[in-house]
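Report on the following structure.
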2 protein chains.
Amino acid sequence: MVAYGKTLRKIRKQKGITLKELADGICSISFLSKFERTDSDITLGLMTSVLEKLMLSFDEFLYIHHDFQPNKLEQFFKSVNTAYMNRNAKLLKELKNEEMKKWKRYGVETYHWNALMIMMLGQIVDEQFIDEDFEENDIRLLSDYLFRVEVWGYYELALYNGTLLLLETDMVIMLSRTAYQKSNRFKDFNKVKDAITTVLFNTIIYLLGPVNRFHEEFTYQKEIGEFISYLENLALSEENLLERVHLLQLKGVYDIRTGNKEEGVVKINHSIQILKDLQSTKMANNFEQYLQQILSYLKNTQL
Amino acid sequence: MVAYGKTLRKIRKQKGITLKELADGICSISFLSKFERTDSDITLGLMTSVLEKLMLSFDEFLYIHHDFQPNKLEQFFKSVNTAYMNRNAKLLKELKNEEMKKWKRYGVETYHWNALMIMMLGQIVDEQFIDEDFEENDIRLLSDYLFRVEVWGYYELALYNGTLLLLETDMVIMLSRTAYQKSNRFKDFNKVKDAITTVLFNTIIYLLGPVNRFHEEFTYQKEIGEFISYLENLALSEENLLERVHLLQLKGVYDIRTGNKEEGVVKINHSIQILKDLQSTKMANNFEQYLQQILSYLKNTQL
DNA sequence: TTCAAAATTGTCATATAGTGGAATTTTTGA
DNA sequence: TCAAAAATTCCACTATATGACAATTTTGAA
């Protein structure tokens with residue numbers, strides 16, 4: 001049994017509410033007291049009523065309970081992502097092993113997908129990463145799962161975001177389309193909406209390709225247009241300035257990629273200027289570096 | 001008992017997981033089946049494990065359960081806010097009466113605060129709004145509550161945001177300071193962080209005062225500086241472009257308010273330009289209107 | 001400090017959450 | 001189409017969540 005009761009008592013006291021007031025109309029005083037002292041667990045239905053009366057959402061309650069830390073799911077993706085960003089292959093391996101263990105213990109495939117995602121990220125960090133746990137058609141199984149799930153939530157989106165880079169182009173196009181369609185009902189739920197947005201941005205970046213292939217012919221005009229329209233649909237609200245700046249930049253890259261070099265450079269510089277104006281220096285620098293990379297590459301290939 | 005079980009079954013099926021797999025290590029298969037058929041409620045502890053295994057947060061689960069609608073708390077503030085924005089006094093009155101009823105029934109003060117907040121908003125919409133339910137020292141009780149609560153969560157911040165406009169200046173300064181300090185631990189919890197940010201912006205706007213008092217002497221330089229520094233602290237992350245634009249605008253207003261008219265106009269125009277560049281037209285228009293209002297007022301008072 | 005009222009805890013009865021395994025239904029695949 | 005296997009439900013039983021009320025502790029006003 002988890003010690004949620006103590007957290008409840010703490011919060012109740014902080015708000016200056018008595019057991020009687022809180023219990024009234026929901027459950028008996030003595031039981032609430034017992035729950036708060038962790039002498040008993042509580043039913044989900046009762047807990048719902050109690051939190052409602054305290055004007056607390058479940059997530060806020062759990063956030064406090066976990067000492068102001070996000071829930072386990074978010075923590076998982078956060079720690080994987082941090083390890084990946086720091087190119088920490090050892091930590092990634094540990095995280096992978098934990099998930100493999102859970103998979104073998106419970107037989108629930110989700111733990112398997114988690115392990116797979118970590119292995120795929122590990123492979124980018126260190127070419128020697130993949131071990132006996134990885135089998136050739138695992139990726140196939142993973143994408144089968146993603147196609148099969150009828151509603152994509154935060155989990156599926158985060159999972160896909162972690163694996164997208166290593167999938168085939170056709171697969172990415174189909175899956176990203178699926179992702180958008182099957183997560184659409186969450187569009188007013190910020191956490192999930194952000195994950196969809198990330199998928200769409202990553203897809204566009206993937207389709208534009210790495211800079212050292214910018215001289216090759218480009219064939220994804222239609223698809224990029226499609227994903228941009230999804231993004232505009234989603235982040236329609238005027239308040240999503242970050243998304244709008246990012247989109248402006250990517251439209252610039254797209255222009256360059258499709259031959260409109262001058263127009264593209266103008267757009268990218270414009271996005272950089274806005275970031276500088278708002279003192280978002282790091283992001284501005286990243287954008288600038290990327291632009292320089294593109295320009296110097298184009299110069300070299302034209303010689 | 002609430003029919004959470006059906007939602008669980010739906011999600012489990014969508015993810016292609018069997019009762020056996022999900023129950024393994026958590027509870028018996030037969031019980032999980034019973035819960036899913038709403039033949040039994042479930043303990044909070046068990047539900048936590050189940051959701052963890054499904055890679056779902058409580059909020060996401062409840063969001064699905066409520067047919068992709070936000071939780072009751074958010075819905076409450078949302079509906080109050082919509083009614084206020086639409087200047088719908090009748091609807092506000094209904095909402096108020098509901099909260100009064102709950103207050104009288106349970107004796108829990110939170111419902112009283114809700115009713116008070118609605119009455120205060122109602123008073124702005126319609127001067128005849130306040131009725132026998134409102135007593136002179138109620139506002140006092142409300143601010144006492146806000147001072148007393150040791151940790152401000154989403155509820156307290158939303159409540160304060162709804163009442164701030166009608167409080168005395170000294171009270172606003174103290175309460176906003178309290179709000180910032182006592183909600184600080186939530187700074188990584190987006191929903192609450194947004195509420196803090198709103199409080200701080202509203203406080204700054206409040207302290208700058210209505211345009212038709214811009215000729216009066218200004219004495220809140222120190223306080224505005226304090227609240228701006230809180231904001232910069234909170235929304236430090238480079239990604240909060242909206243907050244940065246908004247802050248730029250308010251710094252401009254501050255400049256004008258303290259005599260630096262030229263500098264202020266430059267800042268505000270800059271913020272407007274950025275919004276226009278990003279096609280956030282409505283916001284740009286609002287900023288522009290506000291600027292025009294200020295300028296024409298200053299012109300008139302100087303004649 | 002004292003004492004009554006309010007708030008909380010303890011005790012015991014009972015309703016129901018939760019288990020194990022047999023029975024039934026559904027799915028699979030030859 | 002039909003067994004065999006897998007998944008789910010049913011049923012009898014146990015553990016524990018929950019309620020009623022008495023006992024105890026805390027609060028706060030005099």
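This is a predicted model, so every value here is computed, not measured.
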TODO: Between Ile29(A) and Ile17(B), just flag the one whose closest nucleotide in DNA chain D comes earlier from the 5' side.
DONE: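 That would be Ile17(B).
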
TODO: Please check if the side chain of Lys53(B) supplies one atom and the backbone of Glu21(B) the other of a donor-acceptor pair under 3.5 Å.
DONE: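 The answer is yes, because a donor-acceptor pair under 3.5 Å joins these two groups.
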
What are the two closest heavy atoms between [X] and [Y], and how far apart are they?
X	Y	result
Thr110(B)	Val108(B)	OG1-CG1, 2.9 Å
Lys191(B)	Ser57(A)	NZ-OG, 4.4 Å
Phe31(B)	Ser40(B)	CE1-OG, 3.4 Å

Open item on the list: I'd like to know if Lys34(A) reaches the base of dG10(C) with its side chain, counting only an N/O donor and acceptor under 3.5 Å.
Closed with: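 Result: no qualifying N/O pair found.
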
Open item on the list: Looking at Thr43(B) and dA17(D), is any side-chain donor or acceptor paired with a base atom of the opposite kind under 3.5 Å?
Closed with: no

TODO: Quickly, which of Arg140(A), Glu156(A), Glu109(A) forms a side chain to side chain donor-acceptor pair (under 3.5 Å) with Tyr145(A)? Name it, please.
DONE: Glu156(A)

Taking only side-chain nitrogens and oxygens of [X], does any of them come within less than 4.0 Å of OP1 or OP2 of [N]?
X	N	result
Lys13(B)	dT26(C)	no
Arg9(B)	dT9(D)	yes
Arg12(A)	dA7(C)	no
Arg37(A)	dT8(C)	no

For [X] and [N], what is the distance between atoms [atom1] and [atom2] respectively, to the nearest whole Å?
X	N	atom1	atom2	result
Leu32(B)	dT19(C)	CG	P	10 Å
Leu44(B)	dT18(D)	CG	P	10 Å
Phe31(A)	dT8(C)	CZ	P	16 Å
Phe35(A)	dT9(C)	CZ	C1'	17 Å
Lys20(B)	dG21(C)	NZ	P	14 Å
Leu46(B)	dT19(C)	CG	C1'	12 Å
Asp39(B)	dT9(D)	CG	C1'	10 Å
Asp24(B)	dG20(C)	CG	P	12 Å

Given [options], which nucleotide is nearest the side-chain atoms of [X]?
X	options	result
Asp41(A)	dA17(D), dT8(C), dG18(C)	dA17(D)
Ser30(B)	dG20(C), dG19(D), dT9(D)	dG20(C)
Ser40(B)	dT8(C), dA17(C), dA7(D)	dA17(C)

Open item on the list: Heavy atoms only, 4.0 Å cut-off, all strands: where does Thr18(B) land among base, sugar-phosphate and nothing?
Closed with: sugar-phosphate

